[in-house]
Chemist: 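This structure is in structure tokens; I'll ask about it shortly.
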Number of protein chains: 4
Amino acid sequence: MRAKASGGQRERTFTESGRRAQIVDAAIEVIAELGYARASFARIAKRAGLSSTGMISYHFAGKDDLVRACAEEIVRVLTEFMRPRIDAAAGYAAKLRAYIESNVDIVGSRPAHLRALLEILNNARDADGQVIVDSAVVTSRAELFATHLRDGQRAGEFGAFDVWVMAHALTGAIDAVVGAHATGEEGEGPARDLERCGRELADAFERATAPWRR
Amino acid sequence: MRAKASGGQRERTFTESGRRAQIVDAAIEVIAELGYARASFARIAKRAGLSSTGMISYHFAGKDDLVRACAEEIVRVLTEFMRPRIDAAAGYAAKLRAYIESNVDIVGSRPAHLRALLEILNNARDADGQVIVDSAVVTSRAELFATHLRDGQRAGEFGAFDVWVMAHALTGAIDAVVGAHATGEEGEGPARDLERCGRELADAFERATAPWRR
Amino acid sequence: MRAKASGGQRERTFTESGRRAQIVDAAIEVIAELGYARASFARIAKRAGLSSTGMISYHFAGKDDLVRACAEEIVRVLTEFMRPRIDAAAGYAAKLRAYIESNVDIVGSRPAHLRALLEILNNARDADGQVIVDSAVVTSRAELFATHLRDGQRAGEFGAFDVWVMAHALTGAIDAVVGAHATGEEGEGPARDLERCGRELADAFERATAPWRR
Amino acid sequence: MRAKASGGQRERTFTESGRRAQIVDAAIEVIAELGYARASFARIAKRAGLSSTGMISYHFAGKDDLVRACAEEIVRVLTEFMRPRIDAAAGYAAKLRAYIESNVDIVGSRPAHLRALLEILNNARDADGQVIVDSAVVTSRAELFATHLRDGQRAGEFGAFDVWVMAHALTGAIDAVVGAHATGEEGEGPARDLERCGRELADAFERATAPWRR
DNA sequence: GATGAATGAGTGTTCATTCAT
DNA sequence: GATGAATGAACACTCATTCAT
């Protein structure tokens, strides 16, 4: 009787897709604003203009399912934002810079999506304490980096560092800078605009990854 | 009837200190294992071998107080581990390397402490959604970095990067590498030992921060 | 997911109104019987035939909200009982008598409502120790008296007493007589029926308020 | 081993009496300030400068016992304050006036004692919901009034009212005026000083009780 | 399809009281 | 005499989920 199980490939009616999208959007907003722990069905339903939480349970198999749907939607939106800029760049180093800069820039146009994604990646666990979306999203991001870095090394555009370490350092650094900026903590010094932050970060990793004589 | 408020300066009896320490240790373990959101008083009490959650409330003014006590204990332990190595290093660059390497190494000897600290920093908020331990710990970490980097720049050991961005990139990168290693996700390639990860990460930031010709 | 906040103007379904009324009735009974302090959600739920206290929280925003709803319901019932008799009386003195007598009589038909109201007025405070329903009910009662007395003085039906003192004396006297009668304490002497008590009290205040030569 | 059972006639050592008195004083203050429901052993112990609530349980058989001791102490103090003024008055009517006026005046010199007494009378119940101090204190007050009024009637100083009703009206009126004044609610008009309130109230009951032609 | 009332386990916290020391 | 750690029940309240309608 129930649709549920977002992993399934059942086709969805328009209204169901509409409701699902509406709920996912509301959930993303609430998670971004209140954090994962405080993002209850009740608050999400209120934000979505729904009269009861039952509606959410009706459309999603459970909280895990909803969270996964949110993560997928966020990744879709972020990718859509970053893809063109990365594609436009020529060469591994340039693509890496495009990735970093666009990832940082995104905090300006989609701050909620980014905050929500970080919340989900850091906190979402199922009843057994297992991470919910990690393998589907974050690993792929790091692995994607790793692949890119390895390819760039082979092409001679990068130096001889450990790609696994560098890939994770990269994701962590981006998230931290973005997070610190999003929470308004800008420290002393000249007002920090996003573009400059992105450029600085890209500069740092350019130096870290550039070929060098060992 | 307890002075509670960890900030207080009331002297504590031996038994009370013992119980507090016991509870803090249990809380750190539970937070590390189950994540902050699932670390309830009930679970912490069970882990500590306590008969009721009331006992925790008896020794701590509230969850916030317990969490702060955990953070302080973790920082104390981590500092104790890292301090000698950092002090032994001579020069800004060497000290930075010592910090990074010892911070990564620590995941081997105190994995729970590190995981718990990250959980707390990322998730612990009070009823109003305000971060609980940030200013006392994480900001000071980034600010400490920023100060170190700025001093190093003046001494000519570092290049002309933005210290705010670099400091946050540094903390984020360390936490990400450490976190990825702690969760057992080691990707492909040769088995990654911690020391090598620390060295690689230190290498990367050495290149990123080294003086260069603009 | 309920609009809650009894002040809200959301329309309610039939079932919801029913449940709310049912809970309010149970709460009034429990407060009257056990006193405000002992009127916990658990006891109210049991009295209302509900399976859990969560149900009460579902229909009311909190204990304060429930208590306010109780006070409103009680005032509604009491007003319904007294209004016709007061309206039927002609002149300030006669209306005062009608108020006092009907207020005392009501203890016969709605003893729980009266006891509960007194309990609420005397004890209901929020977390900060602020009175919950005072301004809405009890003050208005004393103020209403004061206005009535002042108008009666201007019309020459009452003497030259201080209206503030008299108004509070009036409310206090009514509540005390009603309370003493409700708790079954009737002292010695002939069995005291309610009507006679009301008449005696009205007589006393008639003498106290009647015009006199200073 | 334990002293306890305040009703008992065991002689007490000096320190024990001292501790008891100290606890009773603290309890009276806390009840007056926070209300009966919020006056927990923990708060009373803190106010008394005690390190644990165990101390209270050691000296009193339970909360009921402590509350009874408080009521007795309050009545003792109030009586001490009022007795001389009442004794000095000659005649039933004059004594009644002295009682009312001194009772109102007392709010100026012992506001906490009065508030605490009202809190106890209105709220203190044992586990079965039975009033704790009523028979010992409040009834005696009303009964004392009733006796006084009856004697005055026989002496021809009072009219032919029902003494039970008048006695309770009197206690209720005094408590209400005193309570309203103590909570700062003074309404409009000229600043209301206590003496004037007492005089007004005494005037009102003088008129209500004075002999009249039926 | 959709609703919203209902559930029961769970949250942190406070409570009066006990008891070994 | 006195202490303070410990207890366990109770508190109001939130949670994700279910189910008759």
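Just so it is clear, the model here is predicted, and its values are computed rather than measured. All chains are named by letter (A, B, ...) in the order of the sequence lines, taking the proteins before the strands, and each is independently numbered beginning at 1.
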Chemist: Heavy atoms from C-beta onward define the side chain here; which of E:dT7, F:dA12, F:dA5 lies closest to that of C:K63?
Modeler: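 Within the option list, the nearest is F:dA12.
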Chemist: Report the distance from atom CE of C:M55 to atom C1' of F:dC15, rounded to the nearest whole Å.
Modeler: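 Going from CE in C:M55 over to C1' in F:dC15 covers 13 Å.
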Chemist: From the set F:dC11, E:dT13, E:dT18, return the single nucleotide nearest to any side-chain atom of B:S57.
Modeler: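 The closest nucleotide is E:dT13.
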Chemist: Give the C-alpha distance, both sets of side-chain angles, the deciding distance and a yes or no for salt bridge (Lys or Arg N to Asp or Glu O under 4.0 Å) between B:E33 and A:R125.
Modeler: CA-CA 11 Å; B:E33 268 177 45; A:R125 325 266 179 108; over 6 Å; no
Chemist: Nearest whole angstrom, please: distance from the P of E:dG1 to the CZ of A:F60.
Modeler: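 Between P of E:dG1 and CZ of A:F60: 15 Å.
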Chemist: Only pairs with both distances under 3.5 Å count, Watson-Crick or wobble alike; so what is the partner of E:dT11 in this structure?
Modeler: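 F:dA12 - that is the nucleotide pairing with E:dT11, both distances being under 3.5 Å.
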Chemist: Of the candidate nucleotides E:dT17, F:dT17, F:dC13, which contains the atom at the shortest distance from the side chain of D:T53?
Modeler: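 Nearest to the side chain of D:T53 among the choices is E:dT17.
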Chemist: Atom CG of A:L34 to atom C1' of F:dC15: distance rounded to whole Å?
Modeler: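 My rounded result for the distance is 15 Å.
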Chemist: Between D:G54 and A:A37, name the one whose nearest nucleotide on DNA chain F is closer to the 5' end.
Modeler: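 First, find each residue's nearest nucleotide; the 5'-ward one identifies D:G54.
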Chemist: Report the distance from atom CG of C:D64 to atom C1' of F:dC11, rounded to the nearest whole Å.
Modeler: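 It is 14 Å, rounded to the nearest whole Å.
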Chemist: Given atom CZ of D:R20 and atom P of F:dA2, what is their separation to the nearest angstrom?
Modeler: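 Value for this atom pair: 13 Å.
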Chemist: If every non-hydrogen atom of C:F41 is compared with every non-hydrogen atom of C:I56, which pair is closest and at what distance?
Modeler: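 Smallest heavy-atom distance, with atoms named: O-CD1, 3.5 Å.
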Chemist: Report yes if a side-chain nitrogen or oxygen of B:S40 is closer than 4.0 Å to either non-bridging phosphate oxygen (OP1 or OP2) of E:dT11; otherwise report no.
Modeler: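 Looking at the OP1 and OP2 atoms of E:dT11, one of them is under 4.0 Å from a side-chain N or O of B:S40.
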Chemist: Expressed as a whole number of angstroms, how long is the span from B:D65:CG to E:dG12:P?
Modeler: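 So the two atoms are 14 Å apart, to the nearest Å.
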Chemist: Return no unless some side-chain N or O of C:Y58 is found under 4.0 Å from OP1 or OP2 of E:dA5.
Modeler: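 It does, given that an N or O in the side chain of C:Y58 lies less than 4.0 Å from OP1 or OP2 of E:dA5.
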Chemist: Which sits closer to the 5' end of DNA chain E, C:L50 or B:A39, going by the nucleotide each is nearest to?
Modeler: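 With C:L50 and B:A39 compared, the 5'-side residue is C:L50.
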Chemist: Taking only N and O in the side chain of A:R19, is any of them less than 4.0 Å away from OP1 or OP2 of E:dA2?
Modeler: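 Answer is no, no contact under 4.0 Å.
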Chemist: How far apart are the closest heavy atoms of D:A27 and D:C70, and which atoms are they?
Modeler: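 Smallest interatomic distance, heavy atoms only, reads CB-SG, 3.5 Å.
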Chemist: Take atom P in F:dT21 and the same atom in E:dG1, then report the distance between them in whole Å.
Modeler: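 The same atom, P, in both gives a distance of 22 Å.
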Chemist: Tell me, with the steps shown, if D:R19 and D:Y58 meet side-chain contact (heavy atoms from CB on, under 4.5 Å).
Modeler: CA-CA 10 Å; D:R19 273 270 183 270; D:Y58 178 76; over 6 Å; no
Chemist: Does a nitrogen or oxygen in the side chain of A:H59 sit under 4.0 Å from OP1 or OP2 of E:dG1?
Modeler: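 So the side-chain polar atoms of A:H59 never come under 4.0 Å of the phosphate oxygens OP1 or OP2 of E:dG1.
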Chemist: Who does E:dA20 pair with, Watson-Crick or G-U, both distances under 3.5 Å?
Modeler: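 Partner of E:dA20: F:dT3.
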Chemist: For E:dC15, does either OP1 or OP2 sit under 4.0 Å from a side-chain N or O belonging to D:R38?
Modeler: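 For E:dC15, neither OP1 nor OP2 has a side-chain N or O of D:R38 closer than 4.0 Å.
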Chemist: Tell me the interatomic distance from A:I56, atom CD1, to E:dT3, atom P, rounded to whole angstroms.
Modeler: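 It is 12 Å, rounded to the nearest whole Å.
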Chemist: Think C:S51 has a side-chain N or O under 4.0 angstrom from the OP1 or OP2 of E:dT7?
Modeler: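 Looking at the OP1 and OP2 atoms of E:dT7, one of them is under 4.0 Å from a side-chain N or O of C:S51.
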Chemist: Between the side chain of D:Q22 and the main-chain N/O of D:A48, is any donor-acceptor distance below 3.5 Å?
Modeler: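 Here the side-chain-to-backbone pair exists.
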